[in-house]
Each structure stands twice: as structure tokens, then as C-alpha cells.
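Input: a single structure, listed below in C-alpha cells.
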2 protein chains.
Amino acid sequence: MSDSDKSVVSRLRKLIGEGFYQPGERIGEVAVAEQLGVSRTPVRLAFRTLEQEGLLQRAGKRGFMVREFTEADVLCAVEVRGVLEGLAARRLAEQGLSPALAEELTVWIQKGRELLAKGYLEERDVDVWSELNRRFHETIVGSAGSPVIGDAIARNNHLPFAAADSIVIDSEALDREYRKLQLAQTQHELVFQALRHGEGARAEMLMREHAFIGLRYGELLGLGPGLGQPRADD
Amino acid sequence: MSDSDKSVVSRLRKLIGEGFYQPGERIGEVAVAEQLGVSRTPVRLAFRTLEQEGLLQRAGKRGFMVREFTEADVLCAVEVRGVLEGLAARRLAEQGLSPALAEELTVWIQKGRELLAKGYLEERDVDVWSELNRRFHETIVGSAGSPVIGDAIARNNHLPFAAADSIVIDSEALDREYRKLQLAQTQHELVFQALRHGEGARAEMLMREHAFIGLRYGELLGLGPGLGQPRADD
DNA sequence: AATGTTATGTTTGGATCCAAAGTAGAGCTT
DNA sequence: AAGCTCTACTTTGGATCCAAACATAACATT
């Protein structure tokens, strides 16, 4: 995929994620091509990619439409990531952590501890957490013995609300986010503990539960049973 | 996707699955276009689709190559299907089976019983089982409350060895296949039982284990610890 | 007036053309 | 002789052109 081709896909992904195109709306090749200032060819290629990613779906015989996602879909996508990351964690626990891998995971655990040690959260901490969180998850999934699991997770993460780094959202309420990240950090440490001790089932269930943190921790803070907020970063 | 476009994708999928192109081999647009008797455009579109499906991967800066799959990948893909179908089953058990759904599942259970009642397997029974097995799985996954899980499974099933209907293989050894299908039928009935009683965890674990049937039952028959055989149907 | 048929317009899919990027090979220089 | 550079060829990506399919609207017929 060339740079500009990739750019068409990601620009389109961004536009869809931002709700520029209404869910259910028919989306034409020419319109998008003009909008993005390219010819129809890269748009046609991008449509196929986005169809596979699940952001677009066929609109009858002709053309595509923006896929509509319900709250149930969001919940399901998070659960899917949970079971897949859980599978990765269990496999990793069963095959045993190599010293190098334990070292690697310790790094991200430690960075998390340092980030939260000062007892509050700053604006710029958000990116740091996002990065270390991503690396922690990537390391586990990438060490599960086959890229197949990671691929499945990556495909699921194309749904903009399902990705693991869609946790941190509200830069305005940093104290609430701090408590959320504290819980996330604890969960990371528990997963690591289970992995080190070869406790496959425990690692799996912890990882599954961890997936819900972006979704359900709001209830603990009295925000109601909603779905949390849309993600901030991309 | 037009008919011929779809045909290019599926014809390519078939060729790759049959090992016509060697894993790791660079695959060029012009070569494939000539081979299939179409222009480069539909081939380019198909390559994007197959890349998303995981059958092709980028070969450096230029072009694609056929993805290579190890035994570990095959095992992982089956496990991925297991946890996803397990998730669907658990959700279904937790939300409760509607009478209509129980009725629907009973049909496929019953058809399975009838198929196996005569005590042996005939050549033409293979297709019948393949169909009812597919419908049983589809019904469960399709009723899990969101298409997201089904999509994830569908994407995983693009790996030719991961699909649920890749169970039945060896039309030469029908007595061995009969015993395999007997076990599969029992597992279907146990899953159904768990679903009816709202036993989410049990339904999940049964469904997970059921995923392995195409892979591991060979060991029970003294065929060695291999991966079973490649699938027969498409 | 209502329905069916035809014609026109819109949109997608396939083919071809052109440009850009990359790779390999040959020749030159040190 | 070895390494570097320049050139030519291969291959991919983007744009445009043409054909086919589908939808819509208008007109005619019952």
C-alpha cells in the first residue's frame, strides 16, 4: 500500500470515526474521490479495505454505506478483544515466560508505576500511559506463539471504539482518569504475576476483565451505566 | 463486489489454499491477471481483500507474497475460533434462549441424530453433516446479540484451515469419520443443553473444546499427534 | 387513472495509459 | 579486483476511458 493509498484509507477511517458520514448513509466513489482530491482508483481500493475492516458494508447491489454500530456492538467488540487477549495471555502463561520477555514486561509495569507514583495525573501523562499500555498489550499478544491472534485483535481494533488504547479519554477530569489508570496498572501487575507463575486460567480471566476498563469503570464513579466516552486519540 | 470481482477473490483464495502459489513466493499483479484472464484492476482489488483476510502479506516495499502458515498458526486459528464461538455461546446462554431459537437449534440437533442413527456413514452424508454443522454454528453465533462476533469469526475463517466446516475430511475412512461426527454430535447436544439451562460458563467451555475436534481427535484414533488433514470442501 | 415499458441518466466495474519508485546489472573509477 | 554510481528495465500506483448495470422518470396503453 503506497503512502497516499494508506493515507486515503486512514483519512477515510478518521472521517467515518468522526461521524462525518452518517451511519447508514450511501457513500459514493466519486464524491469521496473529489472530497479527498484523488481519483476514483485509490478510493475503490480503500473501500475494499474498509469493507473488510467492517466500517463499510455493501448497500444492496450498488455501492457502500457507512456501517451503523449499536451499543451492543461496542460492548461485543470490547468482549471480543477481551477473549482474544485473554487467549494470548493464557497461551503465554502455559508456554512459560522467557527471561527476556519477563524483563520486557517489567519495563512497562515499572514505567506505569513511575507514572502514577506522584499521586496525580498531568495532561502530558496521558500520551505516556497510552504508549506504555499499548506496548504492554502488544508484548503479550505478540509473544503468544503465532501472529494469528494478533491479527484477529488488529482487525477487531479497526472498530474505533474497540482498541485497547481507547481507555484514556477525558483530559478535563484528570483525577477521575487517575483512578482509572490506577486500576489498569493494578490489573497489568496482576496479569504479569499470573504470567510469571504460569497461571494460565487466571491470566486469561484477568486479561478479559481488563478489557472492560474503558467501558465499565465509569459506573464505579457514578457516571451511570453508559458506555463511557468516545476515544480521544488515533 | 461484482460477480467477476468476487470470483477473482475466491479463485485466488482457492489457488492459494491449494498451494498453487508457494508460501513466501512473490506474487505479481500482471502474472495473476494473465493467469485469470482479467486486467490488473480486479486483481489489485482482490489483493487488498486477501491482504485483509491474512492470506497475502506485503513483500517489502513492492508487491505481495503468499503468507506462510506454521502448525502453530493453524492451532492458534482454531483456538481463536474456539474462544470466539465460546464467547457467542456464553452470551447466548446469559441472555436466555428464545423459544424460536431453541426450536431452530433443535432442528439441527435432530438432523444430526437422524444422520448418525443408522450406525455408519455414507459418502453423501458428508455434505449433509457439513450443512447442518454450519447451520448449528451460524445460529449460535448469529444470535449472540451483535454481528461483531460473527464478523470476527468470519475473518478468522478466511484462513482455510480454521473454518468450522473443515471437520470432515477423509471420505476414504468413513468409519473413522463416523466416530468423529458422533463426538461432534454429542458436543452439539451438550452445548444445547448448557444453553437451555443458562449455563454460560459451561456453554463457553464446551464450545471451545468443540473447536478442536477437527484437530485433535486424530490422536484418540492413534494417528499420532499431528494436525489432522487439510480440509476437503470449500 | 394506473400500470407497464422504454429511455435516459447515474454509478460502479474493468481495461488501459502514464508516471513514479525500485531493483538489477553493467560500466567506470579507485 | 572491488566498490560505487548511473542507467535501463520491471513493477506498482494513480488517472482516465469505456462498457454494463441499475435506477428513475416519462410516456403510452389499457
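Chain letters run A, B, ... following the sequence lines, proteins first, then strands; residues in each count from 1. All values derive from a computational prediction rather than experimental measurement.
Note: CZ (B:Arg40) to P (D:dT16) measures 16 Å, nearest angstrom. Put simply, CG on B:Leu36 is 12 Å from P on C:dG14, counting in whole angstrom units. The distance from atom CE of B:Met65 to atom P of D:dT12 is 14 Å, rounded to the nearest whole Å. Distance A:Phe47 CZ to C:dT11 P: 13 Å, rounded to the nearest Å. Distance CZ (B:Arg26) to P (C:dT23): 9 Å, rounded to an integer number of Å. Distance, A:Glu29 CD to D:dA21 C1': 14 Å, rounded to whole Å. Between the CG atom of A:Leu45 and the P atom of D:dA15 there is a distance of 11 Å, given to the nearest Å.
By the 4.0 Å N-to-carboxylate-O rule, A:Lys180 lies close enough to A:Glu177 to be salt-bridged with it.
Distances shown here put every side-chain N or O of B:Arg44 at or beyond 4.0 Å from the OP1 or OP2 atom of C:dG13. OP1 or OP2 of C:dA15 has at least one side-chain nitrogen or oxygen of B:Ser39 nearer than 4.0 Å. Regarding contacts with the backbone of D:dC9, every side-chain N or O of B:Arg62 stays at 4.0 angstrom or more from both OP1 and OP2.
Using a distance-only test at 3.5 Å, with no hydrogens or angles considered, no donor-acceptor pair links the side chain of B:Gln57 to the main chain of B:Met65.
Ring planes of A:His137 and A:His188: perpendicular class, angle over 60° (limits at 30 and 60°).
Side chain to side chain, A:Asp73 and A:Thr70 meet the donor-acceptor criterion of an N or O pair below 3.5 Å.
Both B:Thr41 and B:Gly28 sit near DNA chain D, but only B:Gly28 has its closest nucleotide nearer the 5' end.
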